[in-house]
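We number each residue from 1, following the sequence as shown. Fair warning: this is a prediction, and the values are worked out from it, not measured in the lab.
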Amino acid sequence: MQSKDRKIIYILIYFIKSEFHIFKYIDQVQYKSIDDRTLILGMKEAIVEVEGYFKECKLNNILYNQLMLELQLSHYEENYAKAEDLLFRLIQLTESNKSVRYLSRISINYMNLAYTQFFLHKVEEAFENSKKAAKVFLIHANDLNIYKEASVFALIYLKRYREAEEVLQQILDSGAIGNTPEQLSKRHIIMAVIKYLQGEYKSAFKHLQQTKEVETDREGWNLGIRMMNIYLTLSTEKIELADQRIGSMRKHIERTAKMRHLRKRDVVIFRILSQLSRSGFDFKEVWEERRKDFNLLRSDQSDYRWVPRSHELIIFDQWFEARMKGIPYEPVFPKPAESKAVDKKSEE
């Protein structure tokens, strides 16, 4: 066998092995909870291995896989500044090299960049990049709606509620073609939030009636339904019904805790709501007595801080304070984080 043939075979083997790592550490785990840390050591070893393959053969498809593995690890470790930098590199790589240039890859990278920038609280940038992801032609309707949904989150955080409603309505209008039943349920919750924020309580109730509870939901959208019902019943002065909703939430929390799909932040929120119910909905009393809990919710601790693109579209502690003061809820979102990410234009 000639040396050229052997080289081709080695390159092919390296590429197949790098693809195996993508399957093992990304395709198989991307829907797992971010709290699942069991694969981190294996991912680090895989990255070193794939990096060695690239040094041997300089194949851009192997470099792409290496960067994707590093990106996944960065998200697991909540190092979003590094993830943003990696995504600028991935976008540059896919846009400038024919061997790795696929429209689906470009679209996914822009979507991942938007997702990452949410965690850096760079909402304006996330909004623009979610639009870039959606501009790629021949995207499946379901994928297109996922990209549009990111725009909806950004518009809510930017307090551009009418625009958010328009984009979300486009998603809902696509029906079963662009939404799974679970996605439709989630998106009706989001629409209920938008309606609530605009003071359209009756319409918000109607959207909540079109939701379907999913007990195995890992992202907490079951809690999103229950929280919205509590907000709405209190906003419409249905105190007894609010009390019942909190009782229903308690049963759900107990079931979910057994399955370990519950953030500590949600437990603290429920603890506050339980005391609110026992106090006869005296917001000022609970605000004073639960100062430590509110401080936890406003801390930067991973288990307790507010998470963007979650079921908590209305920031609970800020909503509670507004109710306590008798003023309209006007969210104040965290300022954009400092990052060492290099703009891809400066790399060109």
Side-chain angles (χ1 to χ4, degrees), residues 31 111 114-115 118 127 130 134 139-236 238 241-242 244-246 248-249 251-253 255-256 261-263 266 269-270 273 306-316 319 329 331:
Y31 298 114
M111 185 65 254
Y115 179 81
F118 275 117
F127 177 58
S130 65
I139 300 176
H140 186 276
N142 190 278
D143 292 332
L144 179 60
N145 283 345
I146 290 171
Y147 303 153
K148 284 184 175 181
E149 182 185 275
S151 295
V152 173
F153 276 97
L155 288 166
I156 291 172
Y157 300 147
L158 293 168
K159 304 177 191 177
R160 292 157 60 177
Y161 302 135
R162 285 295 175 195
E163 293 174 69
E165 181 182 349
E166 289 173 9
V167 177
L168 185 52
Q169 191 58 56
Q170 293 171 10
I171 295 173
L172 293 174
D173 287 344
S174 67
I177 296 174
N179 303 274
T180 65
E182 291 78 13
Q183 287 171 332
L184 269 176
S185 177
K186 172 184 170 182
R187 287 158 183 169
H188 276 294
I189 300 168
I190 298 171
M191 185 63 89
V193 172
I194 294 170
K195 293 293 187 181
Y196 174 83
L197 291 169
Q198 295 178 104
E200 300 176 30
Y201 301 147
K202 189 176 290 186
S203 182
F205 270 122
K206 286 182 180 178
H207 280 283
L208 283 183
Q209 289 168 3
Q210 298 180 65
T211 60
K212 172 184 166 185
E213 294 183 355
V214 182
E215 292 299 329
T216 57
D217 169 40
R218 290 173 179 264
E219 295 182 345
W221 287 94
N222 247 307
L223 281 174
I225 297 171
R226 296 167 195 280
M227 290 300 299
M228 274 311 304
N229 271 312
I230 291 167
Y231 293 149
L232 282 165
T233 50
L234 288 172
S235 295
T236 53
K238 297 176 181 176
L241 186 55
Q244 292 174 21
R245 299 293 189 197
I246 292 171
S248 174
M249 186 177 178
K251 293 176 183 177
H252 173 72
I253 291 276
R255 289 195 303 269
T256 309
H261 299 161
L262 198 64
R263 284 191 75 213
D266 291 323
I269 288 172
F270 170 67
L273 285 172
W306 174 75
V307 175
R309 281 198 69 188
S310 68
H311 66 277
E312 196 183 339
L313 279 159
I314 295 170
I315 302 178
F316 174 78
W319 169 86
Y329 166 73

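Ser203 contributes no side-chain N or O that, together with a main-chain N or O of Glu200, makes up a donor-acceptor pair within less than 3.5 Å. In this structure, the side chain of Tyr115 does not engage the main chain of Ser130 through any donor-acceptor pair within 3.5 Å. Side chain of Ser174 to backbone of Ile177: no donor-acceptor contact under 3.5 angstrom is found. Of the possible polar contacts, one joining the Trp306 side chain to the Glu312 backbone as a donor-acceptor pair under 3.5 Å is found.
When every heavy atom of Tyr196 is checked against every heavy atom of Ser235, the shortest pair comes out as OH-OG, 3.0 Å. In terms of heavy-atom proximity, Leu168 sits nearest to Arg187 at CD2-O, 3.5 Å. Across all non-hydrogen atoms, the minimal contact from Met111 to Ala150 is CE-CB, 3.2 Å. Closest heavy-atom contact between Ile171 and Glu149: CD1-N, 3.6 Å.
Residue Thr233 holds its OG1 atom at 6.5 Å from CZ of Arg245, rounded to the nearest 0.5 Å. Between Ser151 atom OG and Lys148 atom NZ the span is 9.0 Å, to the nearest 0.5 Å. Atoms CH2 and CG, on Trp319 and Leu313 in that order, are 15.0 Å from each other to the nearest 0.5 Å. The structure places CE of Met228 at 11.5 Å from CD1 of Ile190, a figure rounded to the nearest 0.5 Å. Considering CZ of Arg226 and NZ of Lys251, their distance stands at 10.0 Å, rounded to 0.5 Å. Separating the CG atom in Leu223 from the CE atom in Met249 is a distance of 5.0 Å, to the nearest 0.5 Å.
With sequence neighbours left out, Glu166 forms a salt bridge (Lys or Arg N to Asp or Glu O under 4.0 Å) with no residue at all.
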* Asked: So Ile269 and Met227, side-chain contact (heavy atoms from CB on, under 4.5 Å) or not? Walk me through it.
  -> CA-CA 10 Å; Ile269 288 172; Met227 290 300 299; 3.9 Å; yes
* **CA sep, side-chain torsions, deciding dist, call: Tyr161, Leu155, side-chain contact (heavy atoms from CB on, under 4.5 Å)** => CA-CA 7 Å; Tyr161 302 135; Leu155 288 166; over 6 Å; no
* To do: With side-chain contact (heavy atoms from CB on, under 4.5 Å) as the test, would you mind laying out the steps for Asn179 and Asn142 before giving the verdict?
  => CA-CA 6 Å; Asn179 303 274; Asn142 190 278; 5.5 Å; no
* Give the C-alpha distance, both sets of side-chain angles, the deciding distance and a yes or no for side-chain contact (heavy atoms from CB on, under 4.5 Å) between Leu208 and His188. => CA-CA 6 Å; Leu208 283 183; His188 276 294; over 6 Å; no
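Looking only at side-chain heavy atoms (C-beta outward), Ile146 and Gln183 come within less than 4.5 Å of each other. Ile194 is listed as a side-chain neighbour of Val152, based on a closest heavy-atom distance under 4.5 Å.
The aromatic rings of Tyr157 and Phe118 sit perpendicular, their planes meeting at an angle over 60°, well past the 30° parallel limit. Phe316 and Tyr231 have parallel rings, their planes meeting at less than 30° on a 0 to 90° scale where 60° marks the start of perpendicular.
For the residue pair His311 and Asn222, no side-chain donor N or O sits within less than 3.5 Å of a side-chain acceptor on the partner. Remark: the Gln170 side chain and the Asn145 side chain contain no N/O donor-acceptor pair separated by less than 3.5 Å. Side-chain atoms of Glu165 and Gln198 include a donor-acceptor pair closer than 3.5 Å.
Relative to the ring axis of Phe205, Lys238 places its NZ or CZ within 45° and under 6.0 Å from the centre.
Lys159 NZ: more than 12 foreign heavy atoms inside a 6.0 Å radius.
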